[in-house]
Amino acid sequence: AKGSVVTTPINSEDEAYDAPVSIGTPAQPFNLDFDTGSSDLWVFSSLTPSNERNGQNIYTASRSSTAKQLSGESWKISYGDGSSSSGLVYSDVVTIGGLTAAGQAVEAASRVSQSFTSESATDGLVGLAFSSINTVSPDQQTTFFDTVKPSLASPVFTADLKHQAPGTYNFGFIDKSAFTGSITYTPVDNSQGFWGFTSTGFQVGNNDFQQESITGIADTGTTLLLLPDDVVNAYYSSVNNAQNDQSAGGFTVPCDTSLPDFSFGVGNNGAMITIPGSLMNLGPSGSGNSCFGGLQSSGTIGTNIFGDVALKAAFVVFDSGSQGQPQLGWASK
Ligand SMILES: O=C(CNCCc1c[nH]c2ccccc12)Nc1scc(-c2ccccc2)c1C(=O)NCc1ccccc1
């Protein structure tokens with residue numbers, strides 16, 4: 001089997017990307033954030049208090065003839081930005097891009113934090129990291145990808161995110177028309193449950209390539225490119241009037257400045273993914289006429305995060321084992 005679904009930026013800063021998902025019988029429609037940085041499929045629901053909702057579509061299990069509560073099971077997740085959600089668990093039919101997962105764990109939110117409430121365009125998340133970090137307790141559940149994997153022509157999915165334009169998530173196949181040149185594969189370390197890999201280094205504009213192992217994760221659920229301080233300082237030291245502005249939450253640049261490209265190395269054949277300078281500006285920072293940089297410090301996080309700012313410059317293959325061990329494929333487009 002194969003699936004293909006269009007994914008769209010939720011706002012003018014490409015802060016997150018949503019895609020349509022149907023849950024239940026008859027189908028209840030949702031716009032969910034596909035997130036390779038977490039492993040819970042959760043949705044706003046009839047259990048979510050009305051003062052924590054803001055127009056989101058809600059899942060009502062009692063209206064689905066195929067919904068079954070997983071009794072005694074619950075979930076609770078928190079993210080590094082301080083946001084969180086938790087609730088009860090059902091199994092139900094989940095359809096994405098023509099692919100149907102029967103008996104998929106659907107995590108219904110009985111509470112969500114403010115940042116989810118205020119994001120009216122997003123009805124929840126589809127976790128696409130490894131099932132080993134799914135939060136359902138006491139019986140951990142599988143991600144949508146793991147649930148449908150046995151039926152897929154190939155155990156892969158791909159992410160093709162775009163700046164201010166519709167992109168695509170494909171399941172079970174690689175669309176050769178979606179990228180240029182060849183795909184460079186690199187091994188994945190999934191010991192922490194993420195799509196972890198090591199970049200071989202970086203390049204600011206047309207300066208020399210800086211060889212430096214940068215270990216991080218490919219994370220469609222995080223907006224920013226979060227890298228070590230030496231990389232971030234090397235980038236912004238080349239931008240006039242860039243400043244690390246604590247009140248803005250990181251590096252800002254004058255909004256009318258043309259920014260240098262940023263490239264990162266992948267694989268051992270010298271391949272690089274280049275983010276155009278124009279995509280390194282996330283728009284007004286909220287203070288003065290400065291704009292927020294797409295590259296920020298990974299500081300105290302404990303991992304580097306190749307979020308949407310990086311991923312939208314590439315066609316990315318999340319391969320869970322067509323060659324035995326999981327790997328990430330990177331191609332320019
Ligand atoms: O959680 C995810 C992916 N799902 C995000 C879903 C989501 C979280 N608010 C949302 C709001 C709307 C839609 C989706 C989400 N990725 C990872 S791996 C390690 C960290 C981390 C750990 C410790 C400290 C920092 C990061 C994060 C993280 O917190 N990213 C979000 C972020 C990272 C930095 C700044 C802001 C957010």
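Counting from 1, the numbers follow the sequence of the chain as shown.
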Please list all pairs passing the ring-ring contact (aromatic ring centres under 6.0 Å, His included) test where one or both residues lie in residues 206-229, with sequence neighbours left out.
none
Verify same cluster id: Leu224, Leu227 (apolar side-chain graph, 4.5 Å)
yes
Residues at least two apart in sequence or cross-chain that pass ring-ring contact (aromatic ring centres under 6.0 Å, His included) with Tyr169, listed by chain then number, are Phe34
Test your reading of the model: is there a side-chain donor-acceptor pair from Ser110 to the backbone of Thr48, 3.5 Å cut-off?
no
Which residue pairs pass the disulfide bond (SG atoms under 2.5 Å apart) test when at least one of the two sits in residues 212-282, sequence neighbours left out?
Cys255-Cys291
Scan Tyr59, Phe144, Trp75 and name whichever one has a ring pair (Phe, Tyr, Trp, His ring centres under 6.0 Å) with Trp42.
Trp75
Look up atom CG in Leu125 and atom CD in Glu107, then write down how far apart they are to the nearest 0.5 Å.
10.0 Å
Please find out if less than 6.0 Å separates the ring center of Trp330 from that of Phe197.
yes
Once you round to the nearest 0.5 Å, how far does OG1 of Thr222 lie from CD of Glu15?
11.0 Å
Apply the test side-chain contact (heavy atoms from CB on, under 4.5 Å) to residues Thr184 and Asn269: give CA-CA distance (whole Å), side-chain angles for both, the deciding distance (0.1 Å), then the verdict.
CA-CA 8 Å; Thr184 296; Asn269 61 0; 3.4 Å; yes
Using 0.5 Å steps for rounding, measure from the CD atom of Gln104 to the CD1 atom of Ile96.
8.0 Å
Pairs flagged by side chain to side chain donor-acceptor pair (under 3.5 Å) wherever residues 252-268 is involved - sequence neighbours left out
Ser263-Thr274
So, Thr25 and Thr66: side-chain donor and acceptor under 3.5 Å apart, yes or no?
yes
Whether Lys333 engages the ring of Phe179 as a cation-pi pair (distance to the six-membered ring centre under 6.0 angstrom, angle to the ring normal within 45°) should be assessed.
no
So for atom CG, which belongs to Asn206, do other residues, nucleotides or ligands contribute more than 12 heavy atoms lying within a distance under 6.0 Å?
no
Could you pull out the closest heavy-atom pair between Thr215 and Asn304, with the gap in Å?
O-ND2, 2.8 Å
Backbone N/O of Gly193 and side chain of Asn190: donor-acceptor pair under 3.5 Å
no
Assign the ring pair Phe264 / Phe306 to parallel, tilted or perpendicular, where the plane angle (0 to 90°) is split at 30° and 60°.
tilted
Would you say the side-chain atoms of Gln164 pair up with the backbone N or O of Asn11, donor to acceptor, closer than 3.5 Å?
yes
In terms of side-chain heavy atoms, does Ser131 have a donor or acceptor partner in Asp146 at a distance below 3.5 Å?
yes
Distance, nearest 0.5 Å, that separates CD of Gln140 from CG of Asp40:
9.0 Å
Taking a hydrophobic cluster as the set of Ile, Leu, Val, Met, Phe, Trp and Tyr residues connected by side-chain heavy atoms closer than 4.5 Å, whether directly or through intermediates, do Met272 and Phe315 fall within one such cluster?
no
For Phe194, which residues count as a side chain to side chain contact (heavy atoms under 4.5 Å, CB included) partner, sequence neighbours excluded?
Ile133, Gln192, Ile217
Should Ser113 and Ser83 be marked as a side-chain hydrogen bond (donor to acceptor under 3.5 Å, both in side chains) after you check the CA-CA gap, both sets of side-chain angles, and the distance that decides it?
CA-CA 6 Å; Ser113 64; Ser83 59; 4.7 Å; no
Indicate, with yes or no, if the rings of Tyr79 and Phe116 have centres closer together than 6.0 Å.
yes
Any ring-ring contact (aromatic ring centres under 6.0 Å, His included) pairs touching residues 123-143, not counting sequence neighbours?
Phe130-Trp195
